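See below for the structure under consideration.
To find a chain, count down the sequence lines: A is the first, B the second, and so on, and within it residues start at 1. On a predicted model such as this, the values are computed, not experimentally measured, just so you know. Worth knowing before you read on, the calculation uses all heavy atoms, side chains too, and leaves out hydrogens, waters and symmetry mates.
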Protein chains: 2
Amino acid sequence: MSVHHFITPGGMLQPRWQEAFPEALASAGEAGAVDSNGIVWLLATLPEWRAALGRQLAAHPAAPCVVLDPQPEERRALLALDGGARGYCHAQATPAQLREVALVVQHGGLWIGPELMSRVVGAARRALPPAAEAGDERFAMLSPRELEVARAVADGLSNKEAALRLGITERTVKAHLGAAFEKLGVRDRLQLVLLMSGATESREATA
Amino acid sequence: MSVHHFITPGGMLQPRWQEAFPEALASAGEAGAVDSNGIVWLLATLPEWRAALGRQLAAHPAAPCVVLDPQPEERRALLALDGGARGYCHAQATPAQLREVALVVQHGGLWIGPELMSRVVGAARRALPPAAEAGDERFAMLSPRELEVARAVADGLSNKEAALRLGITERTVKAHLGAAFEKLGVRDRLQLVLLMSGATESREATA
DNA sequence: TCACGACCTGTCCACTAGTCCAATATGTAG
DNA sequence: CTACATATTGGACTAGTGGACAGGTCGTGA
């Protein structure tokens, strides 16, 4: 099991990657999504690596992606993670380190370089508005689960991805989502997103 | 090795924790820092859990801490991670899940519940300085018509409605929209909306 | 115990969204 | 003139979405 797949500009494998994962496969970025039962490693040197990451995750949401960067940088790390990557690390990491990353990511963890971790989290905490989304009257009518599904969808996830995130069936996502549409008086996910993204800003208006 | 240590209000161990880690030890929060060669699990129900977390990490920086929360909440998750916790998860997680968390954290990973992950990272990305290429320039690559269509869709209109507003065919809307997706590196209208709404926020922030 | 709500799942069906291949018209730069 | 970008549409097709209808468990409160 767990055949790792490297997506690189030239479709070439570096020796140390092969040393870390002897079974590893490689392909060029243009090929689109790869079907891997292991981890998809994506080089940040690809011309359109963010788009490639998006395509990959859209095609196989269950296969975790890790972005490898020859010159790690906080900004790119955040873009990678925001794009759905589950890890971000130096392309020249040692085979042992790569295996650590693989282990962590395959067990549901998130891998960020230790020096980036505190910055990422710190930035996220500062971005939190004081007591944000503690309770907007509009969403009080939603059941807890409906709210979770709504939030997942508001993050841009498809039904399938939301189901994966919450550990339920796509069908159940639809059920909760349908109930949320009904209660909030919107007709589709797009208007739900607009409602929710506008909720934090317009809180002062409702107060 | 790896004796796990639970810091709880009463110094009591829940059965499921013991089931996950038969060797686990427990102590009350007031006792100060514990010396554990495994993971320190800290209950968010402690009166001063953040202070306790700080004391623990100051005393034993090498021992990773995970915060357990009976009622997980995004805000507390960020506070925990900002305080140096390496993981944040539901206090009622199954023994199997707890072992997953332990595995990830002990190998240098970060554990955030899947439902929190994208929100945390999204918040961090939005807090990023709007440096360089990621400003309004992003939409400069769109042709005028593509931008009009994108805006219509970002207002929550369906393809049919957008076509009506712009006086063109639904088919043409799809064409422009598809081109916009490609140029912006997003996969569907929902992510386009998130991208555009995020851009507006950061534009105001820079102004 | 029974009713009720939240939660989870299934099937079937209509509609929407997104992509592929292709065609036409118009302007502009070389 | 030619090449290229832009704008416009068509048809066909696949995937994704949302609704209707029909079940199932579980816990709380009457």
Output the rounded distance in Å from [atom1] ([X]) to [atom2] ([N]).
{"X": "B:Glu170", "N": "C:dC15", "atom1": "CD", "atom2": "C1'", "value": "10 Å"}
{"X": "B:Asp188", "N": "D:dT17", "atom1": "CG", "atom2": "C1'", "value": "11 Å"}
{"X": "A:Leu166", "N": "C:dC7", "atom1": "CG", "atom2": "P", "value": "12 Å"}
{"X": "A:Gln191", "N": "C:dA17", "atom1": "CD", "atom2": "P", "value": "11 Å"}
{"X": "B:Glu146", "N": "D:dT8", "atom1": "CD", "atom2": "C1'", "value": "12 Å"}
{"X": "A:Leu190", "N": "C:dC15", "atom1": "CG", "atom2": "C1'", "value": "16 Å"}
{"X": "A:His60", "N": "D:dA15", "atom1": "NE2", "atom2": "C1'", "value": "14 Å"}
{"X": "B:His176", "N": "D:dA7", "atom1": "NE2", "atom2": "P", "value": "6 Å"}

Please round to the nearest 0.5 Å and tell me the distance separating atom CG of A:Leu142 and atom CZ of A:Arg151.
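Answer for the CG-CZ pair, A:Leu142 versus A:Arg151, is 10.0 Å.
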So, is [X] near the phosphate of [N], with a side-chain N or O under 4.0 Å from OP1 or OP2?
{"X": "A:Ser158", "N": "D:dG16", "value": "no"}
{"X": "A:Lys160", "N": "D:dG16", "value": "yes"}
{"X": "B:Asn159", "N": "C:dA17", "value": "yes"}

Distance-only side-chain donor-acceptor flag, B:Arg189 / B:Asn159, under 3.5 Å
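Distance-only check passes for B:Arg189 and B:Asn159.
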Do we see a donor-acceptor contact under 3.5 Å between the side chains of B:Trp41 and B:His4?
yes
Which of these nucleotides, [options], is closest to any side-chain atom of [X]?
{"X": "A:Arg189", "options": "C:dC8, D:dG19, D:dG18", "answer": "D:dG18"}
{"X": "A:Pro144", "options": "C:dA6, D:dA7, D:dT9", "answer": "C:dA6"}
{"X": "A:Phe181", "options": "D:dG19, D:dT8, C:dT19", "answer": "D:dG19"}
{"X": "A:Ala175", "options": "D:dT8, C:dA17, C:dT9", "answer": "C:dT9"}
{"X": "A:Ser143", "options": "C:dC8, C:dA6, D:dT9", "answer": "C:dA6"}
{"X": "A:Lys174", "options": "D:dT9, C:dG18, D:dT17", "answer": "D:dT17"}
{"X": "A:Arg171", "options": "D:dT17, C:dC21, C:dT11", "answer": "C:dT11"}

Aromatic ring pairing B:Trp17/B:Phe6, orientation class (parallel under 30°, perpendicular over 60°, tilted between)
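Aromatic pair B:Trp17/B:Phe6 classed parallel.
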Give me the atom names and distance for the closest heavy-atom approach of A:Met141 to A:Glu146.
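Result for this residue pair: O-OE1, 4.5 Å.
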Just checking B:Thr169: base, sugar-phosphate only, or nothing, at a heavy-atom cut-off of under 4.0 Å?
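Contact class for B:Thr169: sugar-phosphate only.
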What nucleic acid atoms does A:Arg145 come within less than 4.0 Å of, heavy atoms only: base, sugar-phosphate, or nothing?
sugar-phosphate
